[in-house]
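Let me begin by presenting the structure, written as structure tokens, before commenting on it.
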Amino acid sequence: MDYSLNQNQQLAVENIEGPMLIIAGPGSGKTLTLIERIYNIIETKNIKPENLFISTFTEKAAQEIMTRLSNKLIENNIDLNIYDMYIGTFHSICLDILEEYREFTRLKKSYTLMDQFDQNYFLYQNIYDYKEFTDKFINKKYSNWRKANKLAYWLNKISEEMIDASDLIKSEDEEIKALGEAYILYRQQIEENNMLDFSTIQLETIDLLKRNKEIRVELSNKIKYIMVDEYQDTNTIQEKILFKLINEESENICVVGDDDQGLYRFRGATIRNILEFPNNFKNNECTQINLDINYRSHPNIINFYNNWMDQEFWEDNKGEYRYNKIVEEQDKEFPKNQTVIKVSGKNNEDDWSEEVYEFLINLKEKNIIDDWNQVAFLFKSVRNHRVTKLANDLEDMGINIYSPRSNMFFDREEIKLMIGAIISIFPQFPEVRKWNENAHLKEWEYFDDCFELFANEVRKEKNSDLKNWMQKKANKHINLKSNTDYSFSDLFYEILQFPLFSRYLDINGYEIEDLRPSRNLSIFSNLLTKFEYLHNISVLVPEYLDRNIRRLFNNFLRYLMDGGIDEYEDPSDYAPSGSISFMTVHQSKGLEFPVVFVDSLYSYPRKTYDELEVKLQKNYYKRDAFEPWDKIKHFDFWRLYYTAFSRAENLLVLTCQENSADRRGQRNVPSKYFEEYYANIPSWKSNMFKPKKLELEEVGKVDLKNEYSFTSHILLYENCPLQYLYFKELDFTPVRKGSFIFGTVVHQTIEDIHKAVLRGKEQLINKNQIEAWFNSNYNNLIKKERVYLRPSTQKIALEQILNYVEKNKNNWSQLKEAEVEVSLVKEDYILKGSVDLIQGEDDTVEIIDFKTEEKPDILDNKNEIMRYKNQLEVYAHLIEQKIDKKVSRMHLYYTSESEGNPFISFDKNSQEINKTIENFTNIVKKIENKKFDLDERPLKRCQECDMRHFCDNNFK
DNA sequence: GCTTCTTGGGTTTTT
DNA sequence: CCCAAGAAGC
């Protein structure tokens, strides 16, 4: 699409004051309009970035907007840091707000954020605490895991609908009462553990705004313009938060969405937010703009889905449940051709894969398809046998399939081998896994399978080293006498050194042919460390070894298999070149592909709520039901397939293995809901379809800017490119070690001291108060990290802090700012930094970075000190660019230096800074070009690195 | 020949 | 929970 805007887009961009509702049909240039509108606000209003609030549905969408916007700003020489905007998903913006005002919430420093699995597992581990309640509203016969899942579902529902649990426990209804009590207990438990889950993120935010009027006013004065994308997918609590943040006078809020593409009812999202949006404002104040010219699809396709929506009745005697609209084609020439066709397996045969293959190869051979990534298959779910079978069949025939959410993780060779290897070093496994004589789990067959696979490999001559190592470990573990100095995850990293596994990681200048296995092993490292975290395992202990083996396999891995593990997805590359994408319709939202196959035509509208839900809705939700209960399943069904159909640019293909139900238990495919449409489109073999007339669009990468900071990226890379490759690029999770919390607790406490000074509460700073801060920081940290410092080490940490205060208390007046987070958008990346301390007078400042390690000898450690100097220079650059102050000097402060001079100081030199930034940019380039060559191993670093065994064996 | 009832088998989506 | 068959009922 070119950059000229159509009339309605122009209108949306130019009208920036007051409330606005934009109904944007599929492919109507929504993102472009949004970006132009933001740009227009920035340009005409000359506002600060923190005056803008932009929420998107996914992190990826947020990143795309940031990248496109920052490019536009750079093009026009506007210097504004988009990182200071409130931009991201609702959840991430709420987290930012909570972070900003943390002291006003129940949250303490170092809180733990639980994702869905964490929350489920937390409830599973504590399920007996809830028994009395869950027995009342969850089937007693369910397994504990299933109970925990159900419980999490209801608890999240209460949070998301902002139901007051104290109302629930007053109920006569046992179910409702028990649910309320369970909720109260849950809130208590997560508060004790300083935890947050996805839905309480938003709840804490709204509580914060409700309880503290000043904060609400401060925020709503600061946030001058609000824009919300995908508004149809917002839920009750999100709408409430939004309206708390609106500045009441200006009411500059613009919501964008398409009621027809609302797909997230199961998460509490309601179309009602977008349909009733204008009612929130006085008469006709809300401007409504429809974007319904489609720039994406061939007119046949547009017709097809317009028709589809027309089939359903969107109103009843109570009201209308849809903005009635017809998507229009753009004004240009289109090839005259059938562009909605079917490719299907014949009735009751097993030939679907071959048909699909034949069709695809046909297009490829005629050079219609250049790259397989122009094709996408959309399914209701990709986690089922039909889909994986099709994927496997096509791969067998030579077409690559990209389907990271298909739940293939545990079927992958590298994962099965790794699980097999772990089993083999714990020979007690077959006995230990039984909790009684007759115990059996179906997952054991899988584990046995893994073991078998591994055993076959390890018998081979070329794997004899691994065999010897394994036997030694097995002999040790079968009769473990004393604590080891390693854990399961340490063993994982040791196993990687052997060729059977190192082949997946082996690199010659990062030429790993297929990254998938190494990504999967990286995910596995994450799972193992998570397991050890959840069960407080740091080393193997004879007393608990058997129990922990049982837990690892019978519980942890089993439940992961149940929930499914997604494989790696590159956010900048949703359709990797060379592969056909298999994805869910939900995943495909907002995307487009030249050729779209829509499958799952066996599907039909299904009821998705139960009685408890109806009871809650009726009596406790903040508002009455909106869409009629009996209509909901139909609406959702129609919206889902509307979204699917409208992803197609040039060719829409309906596909299925046709089936007419002629035996019991079979069903008709396509189901009756698609029957008519399906019957009326030609097959690809029909001469109504002329492939040669097709011209497909190209699929490109999304250009996303990545963040880089000196310490966690550049320094790491300079020290060891391989460490960067494995732990940053491939994201392997290091084995948890206690040492880093020393530095963190010292930093945090020094920050507390600085913050007190800055608030003018210098008098607070005495030994007792510092000790209190220290203890609180330490306790929060160990609660989160579950690793500890010895009392003697704690004492040393505290003394270093006291020592710092003793030495510097006469300088407090110099203190300007502490813990300053700065980021700077560069042409190709985003530079981030966190400056510990800025001090000085007027506009000339000095910056200080605290180091908790031993102060090095200046002559012996030139390199190390130079690198820290570079770090300071990067910070100086950030400060001068962003805060508009001149930096005169830069210091490192070594807290461990009690007697001598704790400082190493440098004068600022602008030329050197430029050189450092240039070097920074060069390293970013190397990283982005995937250059990870290593000349020589940095032996000092290797001692601490989990990959050392791998390197010992693979770099000689 | 038409309607109603019974029965067997298959069955999600995500911050 | 839903489909579609087969059985039962008229």
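Quick caveat, the model's predicted, so the values are computed rather than measured. Chain letters run A, B, ... following the sequence lines, proteins first, then strands; residues in each count from 1.
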Pairs touching residues 601-615 of chain A that satisfy salt bridge (charged side-chain N to carboxylate O under 4.0 Å, His left out), sequence neighbours left out: K157(A)-E613(A), D173(A)-K615(A), E175(A)-K615(A)
Parallel, tilted or perpendicular: ring planes of F645(A) versus Y641(A), cut at 30 and 60 degrees: tilted
Touch class at under 4.0 angstrom, heavy-atom based, for F90(A) against every strand present: nothing
Gap between atoms CD and C1', on Q119(A) and dT15(B) respectively (whole Å): 12 Å
C656(A) vs Y602(A) side-chain heavy atoms within contact, under 4.5 Å: no
Spacing of D233(A) atom CG relative to dT14(B) atom P, expressed in whole Å: 12 Å
Gap separating the CD1 atom of I82(A) from the OG1 atom of T67(A), nearest 0.5 angstrom: 7.0 Å
Value in whole Å for how far the C1' atom of dT13(B) lies from CG of L378(A): 14 Å
Plane angle bin for F243(A) and F277(A) - parallel if under 30°, tilted between 30 and 60°, otherwise perpendicular: tilted
Atom-to-atom span, CZ of F117(A) to C1' of dT15(B) - whole angstrom: 18 Å
Plane angle bin for F556(A) and F531(A) - parallel if under 30°, tilted between 30 and 60°, otherwise perpendicular: tilted
Covered region of DNA chain C, 5' end to 3' end, by chain A [heavy atoms, under 4.0 Å]: dC1(C) to dG6(C)
Summary of protein contacts for nucleotides 6-12 of chain B, nucleotide by nucleotide, where a base hit scores B, a sugar-phosphate-only hit scores S (4.0 Å, heavy atoms): -BBBBBB
Side chains of K380(A) and S603(A), donor plus acceptor under 3.5 Å: yes
Separation of atom NZ in K589(A) from atom P in dT14(B), rounded to whole Å: 11 Å
Separation of atom CD in E230(A) from atom P in dT14(B), rounded to whole Å: 14 Å
Test: R187(A) and E204(A) ion pair at under 4.0 Å: yes
Sugar-phosphate only, base, or nothing, as touched by N668(A) at under 4.0 Å among non-hydrogen atoms: sugar-phosphate
Sugar-phosphate, base or nothing in reach of E59(A), heavy atoms under 4.0 Å: nothing
Between P of dT13(B) and CD of Q116(A), the distance in whole Å: 11 Å
Pair E567(A) + R519(A), salt bridge at N-O below 4.0 Å: no
Touch class at under 4.0 angstrom, heavy-atom based, for F379(A) against every strand present: nothing
Interatomic distance where NE2 belongs to H91(A) and C1' belongs to dT14(B) [whole Å]: 9 Å
